[in-house]
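See below for the structure under consideration.
All heavy atoms count here, side chains included; hydrogens, waters and symmetry mates do not.
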Amino acid sequence: MPRLIVLRGVDEGKQFDLTGSPITVGRHSSNEVALHDTQVSRRHLELRAAATGYQLKDLGSGNGTLLNGRATHEAALRSGDTISIGQTVMMYTAGRHDSAEAGNDLTERVRLVPNPDPSFPSAVVRTIPADAGSQILARPNAAATDWLRTRLASLAALYETAEAVSHILDVDQLLATVMELVLRSVNADHGCFMLRGEGGALEPRAVRYRDGVNRAEELAVSRTIVDQVLRDGQGVLVSDVHADSRFRGVESLHKHNIREAICVPMKGRREAVGVLFLDTQSTLKQFVSKGQEAGKFNEDHLTLASAIAHQAAIAVEESRYHQALVNAERLAAVGQTIAAMSHHIKNIMQGVRFGADMVRTALKDDDRDLLAKGWKLVERNQTRIDELILDMLSYSKEREPAVEPTDLNKLCEDVLEMLRGRAEARGVTLEWRAGTGVAAVPCDPDGIHRAVLNIVSNAVDAVEDRPNPKVAVQAILEPAGDWAKVIVVDNGPGIPAEIVEEVFKPFVSTKGSRGTGLGLPVSRKILREHGGDIVVQSVIDKGSKFSLRIPMKSAFAADASGGTVPHPSLKPPEAN
């Protein structure tokens, strides 16, 4: 699906899916893409569906519209285009089916013949292995004929460049790798990429000197040459800069005795992101003694440099595009997290304020019963704040479990003891059955304790309003002895199958304002840090079974005999 992603501005991080046509973008809330930028017009621009994607049209906005940095009234959009309006910068991404399909109607005429021609094997003249292409391109000098060696010489450089740019996302690492390939393919003394920064200024990147060249000497990149290349959109080969009238009087060229230079634009899919600059240096005496025909660069080098620069430019665009998407996704996730946290904190603070009002009234009226109720409410919400903070820390921080032999029975008994008073106050029956073979389970006792506490606490909340509410807990060792399990079964309302995985997502809670929405995600994270997991079986109106599985290690392997059959109360709920 096509989408607009806000990269910069008041609405930074927001994403707008584009459906239908036309779609208006502007400051007013009636727009399909409504922005809060005060420099954006009420109805700033319009997007209309076309055969090749979406067509942008400025609706006479006060501050205008920039497409890829250039003022635009109407233009077709391509995936990765940036749209600047006011202080807002958005990126357009096209869906899988939005690119032009012109000419592909012929695919309907392709037909696979079910039975091959029986004479086919005898008609084969020669075969070639599937990896022959990569081997030939990697070693072009080993080609069988002069004709093939000549044509593969430059193609091999392009192949290596394509291989490099296909898996490197870091721009500096990418350009450094490509520059090494350039200096191996083009007989240059120096080379560098000049990339446009956010403000449009050129910045040197990936500077390389040929082996044997003095690395202490300065590399002078002629602004005259660079400016012309970017202005005209054409690469140049300067064979003798002193003889070229366009560069006479240019200090940077004459001072450093540059006799030959190649400068080509890094033109990607949309615009030039910079230039590739190569040069050779020699004294006037050396140049005259060798003669003009002895120059290092020729038109083939210029063509090769242009092809490599184009590949590098596309890779830079893809890298920036990828980073922009990652940043946008991160900002969107941060926004969603803040919104969800604000909701939970607001609910908690309402309880705190209500309890504080009760305490204030009780102190004024000297009402001890009201004072006790108010203070109890404050304490309960203080506990909720502590739990929220602990859950946030547990979920956000990657940690290595501090594994030690742990008695799973004692751990579960401690959890149940902590929750027994709360369960009794709600009329919930807690059933516990100790298992054998779980006296030395290798795990982080604090982490597993927190996970079991979260699951049992959720179960108590789930059965609160059910008839004969009951929660059963047992620790067992699986028959094979490879896994220890804590099983928690309740007779609550159950979880619909379609949202079982949803409840393990952050800030998704089925308990309304009572839950933080982090208990289950934190518990699963703890189990997965141990190499285990939480498995859920649930039936609507029957109840749910949560199995916390912990892997056993050979050093702590226990006898698997006995204690492996769950208590009848621990059987998973069954549908009628």
Side-chain angles (χ1 to χ4, degrees), residues 387 390 394 399-426 428-463 469-492 519-520 522-537 543-573:
E387 290 176 349
L390 287 174
S394 298
R399 61 187 297 272
E400 188 76 23
V403 176
E404 60 183 68
T406 302
D407 189 333
L408 215 53
N409 284 328
K410 290 183 179 180
L411 185 148
C412 292
E413 288 171 357
D414 183 63
V415 168
L416 292 174
E417 189 61 33
M418 291 179 64
L419 294 173
R420 196 168 301 282
R422 174 175 160 192
E424 289 176 355
R426 301 183 181 186
V428 178
T429 300
L430 291 180
E431 292 187 1
W432 160 245
R433 182 179 176 88
T436 58
V438 292
V441 176
C443 66
D444 182 339
D446 292 335
I448 297 300
H449 185 280
R450 179 155 191 80
V452 174
L453 179 63
N454 282 339
I455 300 300
V456 178
S457 176
N458 281 353
V460 171
D461 290 338
V463 302
K470 182 172 65 176
V471 175
V473 182
Q474 184 182 14
I476 69 171
L477 189 69
E478 291 188 355
D482 296 329
W483 296 87
K485 287 198 299 189
V486 176
I487 303 174
V488 180
V489 175
D490 64 65
N491 61 348
L520 287 176
V522 166
S523 300
R524 171 167 276 185
K525 178 176 181 290
I526 291 171
L527 268 296
R528 287 183 172 178
E529 286 172 346
H530 283 75
D533 205 347
I534 298 178
V535 180
V536 183
Q537 296 169 272
S544 302
K545 175 182 176 181
F546 285 76
S547 299
L548 289 72
R549 304 181 75 234
I550 307 168
M552 299 290 291
K553 295 183 180 179
S554 58
F556 303 111
D559 182 6
S561 62
T564 60
V565 179
H567 185 268
S569 299
L570 279 299
K571 291 182 179 179

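For the pair E424 and R420, the salt-bridge criterion is not met [side-chain N within less than 4.0 Å of a carboxylate O]. A salt bridge does not link R549 to D533: none of the charged side-chain nitrogens sits closer than 4.0 Å to a carboxylate oxygen.
In this structure, I550 and C443 approach most closely via the heavy-atom pair CG2-CB, 4.1 Å. Heavy atoms only, all atoms of each residue included: W483 and G531 are closest at CH2-O, 3.6 Å. Across every non-hydrogen atom of A459 and V488, the tightest pair is CB-CG1, 4.0 Å. Between P551 and P442, the shortest heavy-atom contact is O-CG, 3.8 Å. Of all the heavy atoms in L477 and G437, the pair that sits closest is CD2-O, 3.8 Å. Listed here is the closest heavy atom pair of P401 and E529: CG-O, 3.5 Å.
In this structure, CG on L408 lies 10.5 Å from CD on Q474, to the nearest 0.5 angstrom. In this structure, the separation between CG on N409 and OG1 on T436 is 8.5 Å, given to the nearest 0.5 Å. Rounded to the nearest 0.5 Å, atoms CD1 (I448) and CG (L527) are 5.0 Å apart. Taking CE of M418 as the reference point, atom CG of L416 lies at 10.5 Å (rounded to 0.5 Å). With rounding to the nearest 0.5 angstrom, the CG atom of D414 is 9.5 Å from the CG atom of L419. To the nearest 0.5 Å, the span separating CD1 on I487 from CD1 on I455 amounts to 13.0 Å.
The shortest distance between side-chain heavy atoms of R426 and D461 falls below 4.5 Å. A heavy-atom distance below 4.5 Å is not found between the side chains of S523 and R450. For the pair L520 and F546, the minimum side-chain heavy-atom distance is below 4.5 Å. For the pair V463 and K470, the minimum side-chain heavy-atom distance is 4.5 Å or more. Counting heavy atoms from C-beta on, the side chains of L430 and V473 never come closer than 4.5 Å.
Just one residue in the list I534, V522, L548, I526 forms a side chain to side chain contact (heavy atoms under 4.5 Å, CB included) with N454, and that residue is V522.
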